[in-house]
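Every chain is numbered from 1 and lettered A, B, ... according to where its sequence line falls, protein lines coming before strand lines. Note that the structure is predicted; figures quoted are calculated from it, not measured.
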Amino acid sequence: MSSIEITLPDGSRQSVPPGTRPIDVAQSISPKLAEAAVVAKVNGQLQDLNRPLESNATLQILTPKDPESLEVYRHSTAHLLAAAVLELYPETKLGIGPPIETGFYYDFDRAVPFTPEDLEKIEKRMWEIQKRHLPYERVYTKKEDGLKKYAEAWMKCELIQERAGEVFSEYTLGPGFIDFCRGPHVPDTSKLKAFKLLSIAGAYWKGDEHNKQLQRIYGTAFFTQKELEAYLKRIEEAKKRDHRKLGKELDLFSVQELAGPGLIFFHPKGGIIRKQLEDWMRDQYLKRGYSLVYTPHVARFDLWKTSGHANFYSQNMFSRMELDDAEYQLKPMNCPFHILIYKDRQRSYRDLPVRLGELGTVYRYERSGVLAGLFRVRGFTQDDAHIFCTPEQIENEVVDCLQFAADTLRTYGFDEYEAELSTWDNGASGKYDGAPDQWQLAENALQRAVDRLKINVKRIPDEAAFYGPKIDVKLVDAIGRKWQLSTIQFDFTLPRRFELEYIGEDGKAHQPLMVHRALYGSIERFFGILVEHYAGAFPVWLAPVQAIVLPITDRQIGYAGDVRKQLEEAGIRAELDDRSEKVNLKIREAQLQKIPYMLVVGDREQQNGEVAVRNRKHGDQGAKPLSGFIAEIRQLIDSKAVSE
RNA sequence: GCCGGGAUAGCUCAGAUGGUAGAGCGGCUGACUUGUAAUCAGCAGGUCACGAGUUCAAUUCUCGUUCCCGGCUCCA
């Protein structure tokens, strides 16, 4: 065969000699394309630009515009990191070094831990190697030879044992570096223009805590310095919004060392916000056909044996406590309690669906290292509800839940969200509880519900809870981060364990279906997400202080007090700053507290019964009659406007 | 839980190769009476996280504990 045929994405064809490289084809199309090229896609597979084409193929040249090329680029940067580490610390053993959503990492086994200073040194060495313009070259080794070659590198040996075929590929980076790797890579280090090492962390080999702990170096890389800087700026922005920092600055909540980690104290200002969240949710329960219930925080341990938590959830529960008659257990979940209410009397099909909702506080033992602000705590309150219904009712119930979740998100100013449907493995592994027809019914109901609402859902096989399939809703916050929020989960296990029943039309007992659902998930965590989403500048209806009256001199204190009183009578949370300070200072402090409205009152306003309105975002709005301002702010509060 | 880093005034942080500490902000007092992001002056605040050890001497060095931070694993 004297030539092979290459089909390009636009459908055009080229005849080229075998052994032609994708980069040559790119060059023939345009030197500019060759310059921009990062990697090739040959017959749908990513491949090195320098790897010769041996037979007819479709070929696409990927440039920074293609998302896949960034992964390759970052993977190559990870190799650069490994090469730099080996030059500086030759005794280090290499683990794996993949690209991740925000950059890349590489895992190392080394007796001495890396320090932040090492990180700087390593990054410097990376730039030095980058400047050598070393090629990434693909070479092949027989498995048996490879195992010998990597005898010293225990992790690589394991990987080769597990993953390599008879002959496997390796990539060199100059004369001194070679790594077992599937590739592909960028042609050489001159392609790598913008990268930065970010942090050091411990990480278990293969993610298993029984394995050896390695040292992971995280970094990030972008095609341009500009993108890198934008990313670093985003990290800075996220730090500024950190709910732990704002929680202290705005006096919203605290964690007390004397009380214990992961236990949250809501201060008065945080308490007001939390009350809004709770009131709204309880009102919604009642509007949407839920019954509001209250249940205890502890129960006999026997209850948790019946529910099964004593077995499969024990490592997440607080220790049992001994009372005179029996052992008691602080509740890690609300479901058994709601089930007991359901079971307290006989249910007819006419009673269904039964929807029992609660803001239920649960306690879970979380390992100390995982606790984080409001996002991961040991005591938290779920907006938890359980729906007991017939198979015929299930689809409508799921639709209502999803609608409810979407309304919740919209109310708090989240316009963007994603949904995931986690399904079982069709019984392949036996790790899922419940009958196949139950799984079928539930998964179909979930799928039809999202279809009816035209929600885009990502289906994730084999990710269901062992007791049933679920839909998870993830919101996207103001700076593009995703947070797991609402969850709607089927449960086939608990109705069986508790022998739940309803009497059907046929006069016989049937087992109801049960759905767990939580929309905020945890009020604490949702609160934290809100703090970060709004960077502490809460919508007026949530703001702890909605307006503050700022008299310019002591002469207006009397009038300012009247203004405040009228605001309070109109149901507005108002404060008065009657200190003998300059109005500039009062404004500054009110601004830093992110109070939505500052009402400046001087002699002029006092004379005319007015207030000079300053908005935290839009600044001075000029003077207006107090009654007019009250009408405006009431409108914002009553409509739960998310911006003013 | 594990790896690494950290804890100094109410807050943010500086500091000494071991000789018991400092700034800014805040607080208090007084003066100023001020028009849209910091008025001035004075004063008072610290078992340098906690507990042991080494030392003539420990906030500083060593060990342990607690809590916090970045990760791993897990998760609302």
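Using a 4.0 Å cut-off between a side-chain N of Lys or Arg and a carboxylate O of Asp or Glu, A:Asp400 and A:Arg288 do not qualify as a salt bridge. No salt bridge links A:Arg564 with A:Glu575; every basic N to acidic carboxylate O contact stays at or beyond 4.0 Å.
Considering only the side chain of A:Arg216, B:rC72 comes nearest among B:rC72, B:rU36, B:rA76. Distances were taken from every side-chain heavy atom of A:Ile552 (C-beta onward) to each of B:rG35, B:rA37, B:rG71; the shortest belongs to B:rG35. Across B:rC69, B:rG35, B:rA38, the shortest atom-to-atom separation from the side chain of A:Arg244 is found for B:rC69. Each of B:rU12, B:rA76, B:rC2 was ranked by its minimum atom distance to the side chain of A:Ser522; first place goes to B:rA76. In this structure, the nucleotide among B:rA37, B:rU34, B:rC11 sitting nearest to the side chain of A:Asn584 is B:rA37.
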*Test A:Asp107 against A:Trp205 for side-chain hydrogen bond (donor to acceptor under 3.5 Å, both in side chains), laying out the working first.*
CA-CA 8 Å; A:Asp107 283 344; A:Trp205 172 235; over 6 Å; no

_From CA spacing to verdict: salt bridge (charged side-chain N to carboxylate O under 4.0 Å, His left out), A:Arg579, A:Glu589_ = CA-CA 12 Å; A:Arg579 295 174 302 168; A:Glu589 293 186 354; 2.8 Å; yes

*Residue pair A:Glu532, A:His243: steps toward the side-chain hydrogen bond (donor to acceptor under 3.5 Å, both in side chains) verdict*: CA-CA 6 Å; A:Glu532 303 210 357; A:His243 71 278; 2.8 Å; yes

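Base pairing of B:rU60: no nucleotide in any strand meets the Watson-Crick or G-U wobble criterion (both distances under 3.5 Å).
With hydrogens and angles ignored, a donor-acceptor pair closer than 3.5 Å exists between the side chain of A:Glu605 and the base of B:rG35. Residue side chain A:Arg367 reaches the base of B:rU73 through a donor-acceptor N/O pair under 3.5 Å, judged by distance alone. Side-chain to base pairing of A:Glu366 with B:rA76: one donor and one acceptor N or O lie within less than 3.5 Å of each other. Judged by distance alone with a 3.5 Å cut-off, a donor-acceptor contact links the side chain of A:Tyr204 to the base of B:rC2.
Within the 6.0 Å centre-distance limit, the rings of A:Phe108 and A:Phe114 are counted as a close aromatic pair.
Note on A:Asp554: a base of the nucleic acid sits closer than 4.0 angstrom, heavy atoms only.
One can place CD of A:Glu589 at 12 Å from C1' of B:rG27, the figure rounded to the nearest angstrom. A:Gln593 has its CD atom 13 Å from the C1' atom of B:rA37, to the nearest Å. One interatomic measurement links the two molecules: CD1 of A:Ile217 to C1' of B:rC72, which rounds to 15 Å at whole-angstrom precision. Rounded to whole Å, the distance from CZ on A:Arg588 to C1' on B:rU39 is 14 Å. The CG-P distance, from A:Leu374 to B:rC69, rounds to 11 Å in whole Å.
Nearest-nucleotide mapping onto RNA chain B: of A:Gln556 and A:Gly260, the residue sitting toward the 5' end is A:Gln556.
When the C1' atom is used for both B:rA14 and B:rU60, the distance is 15 Å, rounded to whole Å. B:rA16 sits 11 Å from B:rG22 when the C1' atoms are compared, rounded to a whole Å.
Shown here for A:Trp304 and A:Pro332, the closest heavy-atom pair between the two residues is CH2-CD, 3.6 Å.
Side chains of A:Thr361 and A:His297: a donor-acceptor N/O pair is absent below 3.5 angstrom, by distance only.
Taking a 4.0 Å limit (strictly below) on heavy-atom distances, residues 376-384 of chain A reaches RNA chain B at A:Arg376, A:Val377, A:Phe380.
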